[in-house]
Amino acid sequence: MKKIIRHYIMENLLFTEDESILQDSDSFLDGGIIDSTGVMEIILFIEETFGIKVNDDEMLPANLDSVDNLAAFIQRKQAQAVAA
């Protein structure tokens, strides 16, 4: 899952294939990788790719601000969907 997320970020937001530029724990906001439009792009990407719905109250840096945070958030959402 992290590989898919990293590939998307590298290709669509950083426009590079140099993976050394982004560590899984790097903050997208602090690093200037994304702005508010980028957040919306990431949300659309994870909704379409992983089949989850991101609610307004979940649009937080704790969920969306790094590869690590995104992967953990997606795993939680998928586990909730299975439990429901």
Side-chain angles (χ1 to χ4, degrees):
M1 176 183 312
K2 286 184 182 182
K3 184 176 181 178
I4 294 168
I5 296 167
R6 282 179 62 77
H7 178 76
Y8 174 82
I9 299 297
M10 301 296 295
E11 186 173 284
N12 296 285
L13 300 173
L14 292 174
F15 309 105
T16 183
E17 293 180 13
D18 181 1
E19 292 198 17
S20 68
I21 290 176
L22 179 67
Q23 302 302 311
D24 288 349
S25 61
D26 289 351
S27 167
F28 300 149
L29 295 170
D30 291 346
I33 296 168
I34 62 170
D35 55 15
S36 57
T37 303
V39 170
M40 298 311 296
E41 288 179 34
I42 288 174
I43 290 170
L44 183 62
F45 161 72
I46 63 173
E47 286 181 340
E48 291 178 350
T49 303
F50 298 101
I52 62 170
K53 173 73 175 118
V54 179
N55 299 316
D56 289 347
D57 64 339
E58 296 172 321
M59 294 181 192
L60 305 169
N63 293 332
L64 307 172
D65 193 32
S66 69
V67 173
D68 285 338
N69 290 5
L70 276 169
F73 174 67
I74 293 164
Q75 288 173 335
R76 284 193 308 273
K77 290 292 284 189
Q78 288 176 331
Q80 289 171 359
V82 169

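In this text, all values refer to a predicted model and were calculated from it rather than measured experimentally.
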Q: Using side-chain contact (heavy atoms from CB on, under 4.5 Å) as the criterion, point out the one residue from Ile34, Asp35, Val39 that pairs with Thr37.
A: Asp35
Q | Single hit among Asn63, Asn55, Ile46 for side-chain contact (heavy atoms from CB on, under 4.5 Å) with Lys77 | A | Asn55
Quick one: [atom1] on [X] to [atom2] on [Y], what's the gap to the nearest 0.5 Å?
| X | Y | atom1 | atom2 | value |
| --- | --- | --- | --- | --- |
| Ile42 | Thr49 | CD1 | OG1 | 11.5 Å |
| Met59 | Met40 | CE | CE | 4.5 Å |
| Asp26 | Ile9 | CG | CD1 | 11.5 Å |
| Arg76 | Ile52 | CZ | CD1 | 9.5 Å |
| Arg6 | Gln23 | CZ | CD | 6.5 Å |

**Q.** salt bridge (charged side-chain N to carboxylate O under 4.0 Å, His left out) involving Lys3 - partner list, sequence neighbours excluded
**A.** none
**Q.** Glu17 atom CD, over 12 foreign heavy atoms within 6.0 Å
**A.** no
**Q.** Side chain Glu47, main chain Val54, donor-acceptor under 3.5 Å
**A.** yes
Q) Which pairs with one or both residues in residues 57-84 pass ring pair (Phe, Tyr, Trp, His ring centres under 6.0 Å), sequence neighbours excluded? A) none
Q | Inter- and intrachain pairs under ring pair (Phe, Tyr, Trp, His ring centres under 6.0 Å), touching residues 42-71, at least two apart | A |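 Non-adjacent pairs meeting ring pair (Phe, Tyr, Trp, His ring centres under 6.0 Å): Tyr8-Phe45.
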Q: Carefully, step by step, assess Ser27 and Asp65 under the rule side-chain hydrogen bond (donor to acceptor under 3.5 Å, both in side chains).
A: CA-CA 5 Å; Ser27 167; Asp65 193 32; 2.5 Å; yes
Q.
Please determine whether side chain to side chain contact (heavy atoms under 4.5 Å, CB included) holds for the pair Leu64 and Leu70, giving the CA-CA distance in whole Å, both sets of side-chain angles, and the decisive distance to 0.1 Å.
A. CA-CA 5 Å; Leu64 307 172; Leu70 276 169; 3.6 Å; yes
Q: Show your working on side chain to side chain contact (heavy atoms under 4.5 Å, CB included) between Met1 and Gln78 and close with a plain yes or no.
A: CA-CA 12 Å; Met1 176 183 312; Gln78 288 176 331; 3.8 Å; yes
Q. Any chain of hydrophobic side-chain contacts (each under 4.5 Å) joining Ile21 to Ile33?
A.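 Same cluster.
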Q. Which pair of non-hydrogen atoms, one from Ala71 and one from Lys2, has the smallest distance, and what is that distance?
A.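 Ala71 and Lys2 have their closest heavy atoms at CB-CG, 3.8 Å.
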Q. How close do Ser66 and Asp24 get, heavy atom to heavy atom, and via which atoms?
A. CB-O, 3.5 Å
Q | Intermediate values then yes/no, side chain to side chain contact (heavy atoms under 4.5 Å, CB included), Glu58 and Ile43 | A | CA-CA 10 Å; Glu58 296 172 321; Ile43 290 170; over 6 Å; no
